[in-house]
Amino acid sequence: MVHVEVRLYGAGDRPAEQRVALPEGSRIRDLLARLALPEAEVGVVLVNRGDASFDTPLQEGDRVTLIPPIGGG
Amino acid sequence: MPFGYNGKILHVDLTRGTTRVEEPDEKWYRTYLGGTGFVGWYLLTHLAPGTDPLSPENPLVFATSVVVGAPLSGFNRYVVGAKSPLSGAFAETEAGGYFGPELKFAGFDALVVHGRAERPVYLWIRDGIAEIRDASGLWGLDNWLTLERLRQELGDPRVRVVSIGPAGERQVLFACLQNDLEHFNGRTGMGAVMGAKNLKAIAVRGTGKPALADPEKVREIARWHNERIKSHPPNVGLTKYGTPGLLKSINDAGFLPTRNFREGWFEGAEALSAPVYHETIFHSNSTCWACAVRCKRRVERTEGKYPLDRRFGGAEYEALAALGSMLGIRDLAAVAYGNQRCNLYGLDVISTGAVIAFAMECFEHGILTPADTGGRELRWGDAEAMIWLIGEIAARRGIGDTLALGVKRAAARIGRGAERFAFHIKGQELAFHDGRGKTGMAMGFALSPTGADHIETPHDVAFQGDGIAKLFPLGLFDPVDPLKTDEAKVRFFFLGQKAWGINNVLALCNFTSVPIHAMTFGRLVEAVSAITGWDVSLYELMKAAERANVLARLFNNREGFTPADDTLISRWFEEMPSGPLRGKRIDPERFAELVRLYYEMSGWDEQGRPTRGKLVELGLDGLAGA
C-alpha cells in the first residue's frame, strides 16, 4: 500500500484534508475513483507542488492537491 | 523579412472608400506585439478625447499578433477594439475561431476601419487585396443568413466571416460581433460601432502564411503542447465538458450569480450542469484553428418548443449563468435557445442576461410594471419572458429599446430608483463570477480598463495551497486565499494581471496558455522566440502586457474616468445572504485602500494616472499627450 496526503479545496475555507491508503502502483485516477470525484470536477492537480496528470503514479508520502475548475469562461 | 508576422496593417476608410497599407517597423511590432497592445496604440494616436463612440471618427481595430497563425493550440485569436459606446471607456474584446489566422494568411496583422460608409457595405479581403462591396442585400439579415449569402456570393465555403446581426445594425449598445456563428467578440458593444459604420461584415480568405524563424522548434513545441493537452487536468475537463463544466463547481463554491447578484447559489443549478447538458442537448465538440483542446460545444435539439441548431455555438458557462441562474431559470433547453437567439441577432449574451435580470428585479419591486412592458409580466424563472425580451432588445421595441442601452443608461431612463438594481462597473454589465468568492478576480472587475471583466486576471481559486506553484515563475510563493482582501492579494493581482495580459497582447487563448492550462511560462517564451526569431524573455512579455494596460489607462484618464470608477457593485459590499459563502462581504473602505496600493505598485499617482517615471520606463512618454 501507499499512503498519500490529500488536500481537496473548495472556495477558500480550509481544505478538506485526509490520508488515503491505496494499492501499490495506484495513479491519480485511482485516487479520484476512491474519493468518488469525477475527473471533470477537478481543475488543478498537483503532486508535491508539481503539475500532475490523471496518470501520474503515486508514491508513499506524496502530497496531492486537488482544486475544482472554478475559473472564467 | 519578419518572421511570424506580415509587417502589414490594412487601413480602410469607409467615408472615402479607400484602402491603404501601413508597414510599421520591427521596433513597433516588438514593442506592442499585437492584440490589446495594437488596439491601445491606435486608440491613443487616432482618436481625439471626447469623441462620440458611434461617430465615424471612432476607429474600429481588428488585431492579431506577431504569433497568431503559428501552428500551436490557442495561437488563433484576434482582439477587436474601439471606444466603447456602452461605457465610453477603452474597449477590447477577444474571439477565437478561424478569422484571426485567416487575416494573417491574407497578408495582414491587423485591420483598422475608419469613417462611415454612406450605404451598407462589407469588406472582402483576399490575399493582400481589400475591396469595399455593397451590402444592401445583407442589411437586416441575421448572422446565419449573412454567412450563408456571403459564402454563396464569394463562391468559397472556406471564406471566414465576421458579421453583425440586426442588434448591431440598430446599435444596441452591447451588440457583439460573431465569426462562423460559433465565436464571438462579445463584450463592450463593438457590434454597435460596426453598425454605426454601416459595415455589415468582413470576409477574409488567405492562402499565404508568414514564415517561422525556427519551424522545427515550433513543431516540437506544438507536439509537446498537444500531447500535454491530452493529459493536463484542466484541459481534459474542457475537452470533455467545455466551459459548462465550470457551472457545478462555481455553484458548489457559492459564487454563481443568481437573480441579479442577489445570491451566490442557485437551487436549479443541477438542471443546467454539464452532465445534463451532455445528455440532453450536446451534439459534438467544436474547436478553433489548430487547437487540440476542442472546448467548444455544438448542440442539437429537433423536438419541443426550443429547437437547437448545431451550426450555432452552444451555450458556454457565461450563457448558462446569464440566461439561467441570473434569471432563476432552470430549463436548459430554453436557456440554450435564448443563447442561440442572441447569436442570431448578435447580442452579447452576458450583458443581455444582466439587463433582463435588472428588468426582472425592477418588476419585482414595482419600478417596472405591465404599463411599461405592454402588459407582459417579468417574473424570475419565466423562460418565455426571457426569450421575448431578447427579441424586443434586438429589435429595440418598447421596453427593449430602453434595455438596449445597458443597465446604467436604462436605469437613468426609467428613473424611480431603478439604479439600485443596475449592476455595472464603468458602465459595463458584470460577467458571472461573484467577487465575494474570489477577491483577486474582483480587483480585475474594478481595475479592468473595459469595466467589469472576468478575464483580467487568473482567478484566485486555482492558486490555493500548493496551487501557488503555478505562479512560482512570477516570484509568488505564498498560497492565495480567495476570500481575503489584503496586501498579498494586491501583489497576486498585480502580477497575475501581467501574466494573463501576455495572452491578450499575443491574442492567445487562456484555455491553452499560462498559468493554468497546458502551456508553461518557459515553453511560451521559447515558442514566441522560435516563431519571431527574437530572443524574448518573460520579463519582456510581461512588460508588453503592462504597456498595453497603461495605454488603456491613459485612454480612460483622457476620457474623464477617475478612481471613483475603480470600484465594485454595492451588493458585494453587503453580506452574501445564503449558500456556502453566507455572511461573506468585501469591506468597501479596505477595498478602496487596496486599489490605491495597486496604483502605488503600478507607478500611478493617487488619481490613478501613470507617473512620468512609469511612462518613461515603458517607453510611452512620447504618447502620454497623444
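Since we're looking at a predicted model, the values are computed, not measured. Lettering of chains follows the sequences in order, A, B, ..., and the numbering in each one begins at 1.
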*Can you check whether B/T93's main-chain N or O pairs, donor with acceptor, with B/N185's side chain at less than 3.5 Å?*
yes
*Residue pair B/H183 / B/E94, side-chain donor-acceptor N/O under 3.5 Å*: no
*How long is the span from the SG atom in B/C291 to the NE2 atom in B/H225, to the nearest 0.5 Å?*
7.5 Å
*So, B/E316 and B/T243: side-chain donor and acceptor under 3.5 Å apart, yes or no?*
yes
*Under 4.5 Å heavy-atom distance to chain A, tell me which part of B/K484 shows up: side chain, backbone, both or neither.*
neither
*What residues of residues 54-64 of chain A sit under 4.5 Å from chain B when you count only heavy atoms?*
A/F54, A/R63
_Result of checking B/I250, B/L272, B/L246 against B/L256 for side chain to side chain contact (heavy atoms under 4.5 Å, CB included)_ = B/I250
*Aromatic rings B/H278 and B/Y241: how do their planes relate, parallel, tilted or perpendicular, breaks at 30° and 60°?*
perpendicular
*Please look at B/F432 and chain A and tell me whether the side chain, the backbone, both or neither of the residue comes under 4.5 angstrom of a heavy atom of that chain.*
neither
*In terms of heavy-atom pairs under 4.5 Å, which option from B/S249, B/A469, B/G467 contacts chain A the most?*
B/S249
*Charged N-O contact under 4.0 Å between B/D481 and B/K489*: no
*Where does A/T65 contact chain B at under 4.5 Å (heavy atoms): side chain, backbone, both or neither?*
side chain
*Mind checking whether B/H459 and B/H454 have parallel, tilted or perpendicular rings, split at 30° and 60°?*
perpendicular
